[in-house]
Q: 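Shown below is the structure under consideration.
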Amino acid sequence: MAFAQLLRCNVKVAASRSAQWSVRGLSSFKASDVNVEQTTTPMRKPTIDEEPDLPFGHVFSDHMLKAEWSDKGGWATPRIEAYGNLSISPAAPALHYAVEVFEGLKAYRCVDGKIRMFRPMENMKRIARSCERSRLPSFSPDELLGSIKRLLQVDRDWVPHTPGCSLYVRPTVIGTSKHLGVSAPNESLLFVITSPVGPYFKQKKGESAGDSVTFKPVKLLAETKYVRAWPGGVGDSKVGSNYGPTIHPQKEAEAKGCAQLLWLFGEKEQITEVGTMNMFMYWTNPAGEEELITPPLNGLILPGVTRKSLLELAREWNICKVTEAEFTMADLVKGLEEGRVKEIFGAGTACVVCPVDGIQYHGKELHIPTMDTGAKLAIRLRNALNDIQYGRTPHEWAVDIDS
């Protein structure tokens, strides 16, 4: 084939692919089109007495949301149907090449009886970005949120009544093509399941949700052997391949008596994340300023919804300098030696805020004084978010599922 002819052929293929991706970018399912097929075999719901002891992700509600996509037909009509197993090809790229993304958010039964989600549009936008990074089909974040509201309306009785409990919502998109090969999938499936969960920190009899007693601190292993994310990677996307490879290092941390990993990056040991959470440090910085600092959105960390919310609250309160900047283990160690570190905590959907009272680093135990003075900032931030989530403080971040 002559070079000019070959070039024209390649241009046609490229144009075809470009057109295909433009269709991916424009087409979307519609929340108003969701078909609902009620289950005929409802599952047993946990009782109110059982709700506080519900483990994460073990019990699921009656229904799930599903929507198929293909490069030829676009999005099919979404449907709500009985919760059940999926049937996909054993050659599906989700199984071989981790072509899958997911999200995690919660629905809360509020003090006024209404059911609300916390800043759900942030999750919808993030899963859309994750899909783009993984070459999965796009959709309207608004339509996905509307479809999830429909699912929650159907399963509203599954939202726990007990304070501190919630209904966890897990949207997922997977590549389901029926052939092997590392390529953009020509078929995909979006599905959403929900799971009632108990409180992250278990309360003892006589304790209230605001008590520092219920605020259980954890010890971290500062990881110098393994790396969670790197520049140009997918550390800022919520993809399964960010999580599976962390299980082995996590088990090594547990063997050393630590609950979570403190992920570091590079020769300077830049601090990035705590387990699957964003990391915050409240300290007096080298310039003598009281400061709440967290790593920046530089591609190495997930842009957490809780992270964003804590930063916005802290800036609104104006009680200290609030900074998004890189900092290292050397900065932390020096701050500890000079008595400038006040609190360290992780932040995420599951726990909201999780205090840290120790870090194991190069065989040494670093004491973190988070709980020495009652974790005042961490608890204030946690309580402020909890009050919004459960409707004790009216706020635009709390979105009614019936709105």
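Note that the structure is predicted; figures quoted are calculated from it, not measured.
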Q: Going by heavy atoms in the side chains, are Lys321 and Ile293 under 4.5 Å from each other?
A: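 Contact flag for Lys321/Ile293 side chains = no.
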
Q: Any side-chain heavy atom of Leu310 within less than 4.5 Å of one from Thr306?
A: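 They are in contact (side-chain heavy atoms under 4.5 Å apart), so the answer is yes.
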
Q: Filter on side chain to side chain donor-acceptor pair (under 3.5 Å), then keep only pairs touching residues 295-304, sequence neighbours left out; what's left?
A: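 Found Asn298-Glu326.
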
Q: With sequence neighbours left out, what residues match Ser183 under side chain to side chain contact (heavy atoms under 4.5 Å, CB included)?
A: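 In terms of side chain to side chain contact (heavy atoms under 4.5 Å, CB included), with neighbours along the sequence ignored, Ser183 is linked to His179.
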
Q: Using 0.5 Å steps for rounding, measure from the OG atom of Ser166 to the NZ atom of Lys106.
A: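 Reported to 0.5 Å precision, the distance equals 3.5 Å.
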
Q: For Ser130 and Val101, work out which heavy atoms get closest and say how close.
A: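 In terms of heavy atoms, the two residues are closest at O-CG1, 3.6 Å.
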
Q: For a quick check under 3.5 Å, do His367 and Asp372 share a side-chain donor-acceptor pair by atom type?
A: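 Yes - a donor-acceptor pair under 3.5 Å links their side chains.
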
Q: Do Ile271 and Met329 have side chains that get closer than 4.5 Å, going by heavy atoms?
A: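 Yes; the side chains approach each other to less than 4.5 Å.
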
Q: Heavy-atom distance under 4.5 Å between the side chains of Lys308 and Glu122, does that happen here?
A: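 A side-chain contact exists here, since the closest heavy-atom pair is under 4.5 Å.
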
Q: Enumerate donor-acceptor pairs with a distance under 3.5 Å from any side-chain N or O in residues 29-40 to protein atoms, sequence neighbours excluded.
A:
| unit_1 | atom_1 | unit_2 | atom_2 | d |
| --- | --- | --- | --- | --- |
| Gln38 | OE1 | His63 | NE2 | 3.4 |
| Thr39 | OG1 | Thr41 | N | 3.1 |

Q: One thing to verify: whether Glu103 and Arg126 come together as a salt bridge, which I'm taking to mean a side-chain N less than 4.0 angstrom from a carboxylate O.
A: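 Yes, Arg126 and Glu103 are salt-bridged.
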
Q: Report the residues that fulfil salt bridge (charged side-chain N to carboxylate O under 4.0 Å, His left out) with Arg133, sequence neighbours left out, ordered by chain and then residue number.
A: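 Expected list: none.
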
Q: Under 3.5 Å, side chain of Asn242 to main-chain N/O of Ser237, donor-acceptor pair present?
A: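 The answer is yes, because a donor-acceptor pair under 3.5 Å joins these two groups.
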
Q: Work out which heavy atom in Ser309 is nearest to a heavy atom in Leu385; give both atom names and the distance.
A: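 Minimum heavy-atom contact is CB-CD2, 4.0 Å.
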
Q: Answer yes or no: is there a side-chain heavy-atom contact under 4.5 Å between Ile319 and Arg380?
A: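 Yes, at least one pair of side-chain atoms sits under 4.5 Å.
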
Q: Taking ring pair (Phe, Tyr, Trp, His ring centres under 6.0 Å) as the cut-off, I'd like each qualifying pair that reaches into residues 147-169, sequence neighbours left out, listed once.
A: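 The answer is Phe56-Tyr168.
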
Q: Under the side chain to side chain contact (heavy atoms under 4.5 Å, CB included) test, which residues partner Leu95, sequence neighbours left out?
A: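 With neighbours one apart ignored, the set is Ile88, Ala92.
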
Q: What residues form a side chain to side chain contact (heavy atoms under 4.5 Å, CB included) with Thr373, not counting sequence neighbours?
A: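 Once residues adjacent in sequence are excluded, Thr373 has no partner under the side chain to side chain contact (heavy atoms under 4.5 Å, CB included) criterion.
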
Q: Going by atom type alone, with no hydrogens or angles, which donor-acceptor pairs under 3.5 Å involve a side-chain atom of residues 220-229 and a protein atom two or more places apart or on another chain?
A:
| unit_1 | atom_1 | unit_2 | atom_2 | d |
| --- | --- | --- | --- | --- |
| Glu223 | OE2 | Lys225 | N | 2.6 |
| Glu223 | OE2 | Tyr226 | N | 3.0 |
| Tyr226 | OH | His248 | NE2 | 3.4 |
| Tyr226 | OH | Glu252 | OE2 | 3.1 |
| Arg228 | NE | Glu273 | OE1 | 3.3 |
| Arg228 | NH1 | Leu300 | O | 2.9 |
| Arg228 | NH2 | Gly235 | O | 3.2 |

Q: If I compare all heavy atoms of Met121 with all of Pro141, which pair ends up nearest, and what's the gap?
A: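 Result for this residue pair: SD-CB, 3.8 Å.
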
Q: Are the charged groups of Arg315 and Glu312 less than 4.0 angstrom apart, N to O?
A: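 No.
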
Q: With sequence neighbours excluded, what pairs up with Gln153 under the side chain to side chain contact (heavy atoms under 4.5 Å, CB included) test?
A: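 Applying side chain to side chain contact (heavy atoms under 4.5 Å, CB included) to Gln153 gives Lys149, Arg150, Arg156, Ile401, Asp402.
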
Q: Is the backbone N or O of Ala184 less than 3.5 Å from a side-chain atom of Arg135, with the two atoms forming a donor-acceptor pair by type?
A: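 Pair absent, no side-chain N/O of Arg135 close to backbone of Ala184.
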
Q: Please tell me whether Thr323 and Glu291 have a donor and an acceptor in their side chains that are separated by less than 3.5 angstrom.
A: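 Yes, a side-chain donor-acceptor pair sits under 3.5 Å.
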
Q: Evaluate Arg44 against Glu50 for salt bridge (charged side-chain N to carboxylate O under 4.0 Å, His left out), listing each step before the verdict.
A: CA-CA 12 Å; Arg44 175 184 173 275; Glu50 293 170 335; 2.8 Å; yes

Q: Return all side-chain donor-acceptor pairs below 3.5 angstrom for residues 342-357, not counting sequence neighbours, or 'none' if the list is empty.
A:
| unit_1 | atom_1 | unit_2 | atom_2 | d |
| --- | --- | --- | --- | --- |
| Glu343 | OE1 | Ala378 | N | 2.9 |
| Glu343 | OE2 | Lys376 | N | 3.0 |
| Glu343 | OE2 | Leu377 | N | 3.0 |

Q: For Asp62 and Tyr83: C-alpha separation, side-chain torsions, deciding distance, then whether side chain to side chain contact (heavy atoms under 4.5 Å, CB included) applies.
A: CA-CA 5 Å; Asp62 281 327; Tyr83 176 90; over 6 Å; no

Q: Could you please spell out the steps behind the side chain to side chain contact (heavy atoms under 4.5 Å, CB included) verdict for Val99 and Ile174?
A: CA-CA 6 Å; Val99 184; Ile174 61 175; over 6 Å; no

Q: Starting from the C-alpha separation in whole Å, work towards a yes-or-no answer on salt bridge (charged side-chain N to carboxylate O under 4.0 Å, His left out) for Glu254 and Lys251.
A: CA-CA 5 Å; Glu254 293 172 5; Lys251 289 299 181 182; 3.5 Å; yes

Q: Walk me through it: do Lys66 and Glu81 pass the test side chain to side chain contact (heavy atoms under 4.5 Å, CB included)?
A: CA-CA 8 Å; Lys66 293 171 70 174; Glu81 60 184 40; 3.1 Å; yes

Q: Test: ring pair (Phe, Tyr, Trp, His ring centres under 6.0 Å). Region: residues 96-136. Which pairs qualify, not counting sequence neighbours?
A: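 Ring pair (Phe, Tyr, Trp, His ring centres under 6.0 Å) check on residues 96-136 returns Phe102-Tyr243, Tyr108-Tyr390, Phe118-Trp397.
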
Q: Identify the two heavy atoms, one from Gly104 and one from Pro171, that lie closest to each other, and give their separation to 0.1 Å.
A: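 Reported closest heavy-atom pair: N-CD, 4.4 Å.
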
Q: Are Glu324 and Leu311 packed together at the side-chain level, in the sense that at least one heavy-atom pair is separated by less than 4.5 angstrom?
A: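 In contact.
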
Q: Please name the residue in the list Pro196, Pro199, Pro163, Cys165 that meets the side-chain contact (heavy atoms from CB on, under 4.5 Å) test with Glu51.
A: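 Only match with Glu51 under side-chain contact (heavy atoms from CB on, under 4.5 Å): Cys165.
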
Q: Between Leu336 and Pro369, is any pair of side-chain heavy atoms under 4.5 Å apart?
A: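 Of all side-chain heavy-atom pairs linking Pro369 with Leu336, at least one is under 4.5 Å.
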
Q: How close do Leu292 and Ala314 get, heavy atom to heavy atom, and via which atoms?
A: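 Closest heavy-atom pair between Leu292 and Ala314: CD2-CB, 3.9 Å.
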
Q: Does atom CH2 of Trp230 have more than 12 heavy-atom neighbours from other groups under 6.0 Å away?
A: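 No, the 6.0 Å shell around CH2 holds no more than 12 heavy atoms from other groups.
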
Q: Test Met281 against Phe327 for side chain to side chain contact (heavy atoms under 4.5 Å, CB included), laying out the working first.
A: CA-CA 10 Å; Met281 180 166 69; Phe327 58 102; 3.9 Å; yes

Q: Check the side chains of Thr194 and Ser61 for a donor-acceptor pair under 3.5 angstrom, ignoring hydrogens and angles.
A: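 Result is yes, a qualifying pair exists.
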
Q: Quick one, Arg307 and Ile301 - any side-chain contact, counting heavy atoms below 4.5 Å?
A: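 Counting from C-beta outward, Arg307 and Ile301 do come under 4.5 Å.
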
Q: Calculate, to the nearest 0.5 Å, the distance between atoms CG and CD1 belonging to Asn123 and Ile148 respectively.
A: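 One gets 8.5 Å once the value is rounded to the nearest 0.5 Å.
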
Q: Between Thr393 (side chain) and Ile388 (backbone), is there a donor-acceptor pair under 3.5 Å?
A: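 Answer holds: no.
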
Q: Output side-chain donor-acceptor pairs under 3.5 Å for residues 259-268, partner residues at least two apart or in another chain, one line each.
A:
| unit_1 | atom_1 | unit_2 | atom_2 | d |
| --- | --- | --- | --- | --- |
| Trp263 | NE1 | Gly275 | O | 3.3 |

Q: Any donor-acceptor pair under 3.5 Å linking the side chain of Asp236 with the backbone of Leu297?
A: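 Here the side-chain-to-backbone pair does not exist.
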
Q: Specify the closest pair of heavy atoms between Met117 and Leu152, including all atoms of both residues, with the distance to one decimal.
A: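 Closest approach of Met117 to Leu152, heavy atoms only: SD-CD1, 3.6 Å.
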
Q: For Arg119 and Glu396, what are the C-alpha separation, side-chain angles and deciding distance, and is it a salt bridge (charged side-chain N to carboxylate O under 4.0 Å, His left out)?
A: CA-CA 8 Å; Arg119 306 193 79 171; Glu396 63 182 1; over 6 Å; no

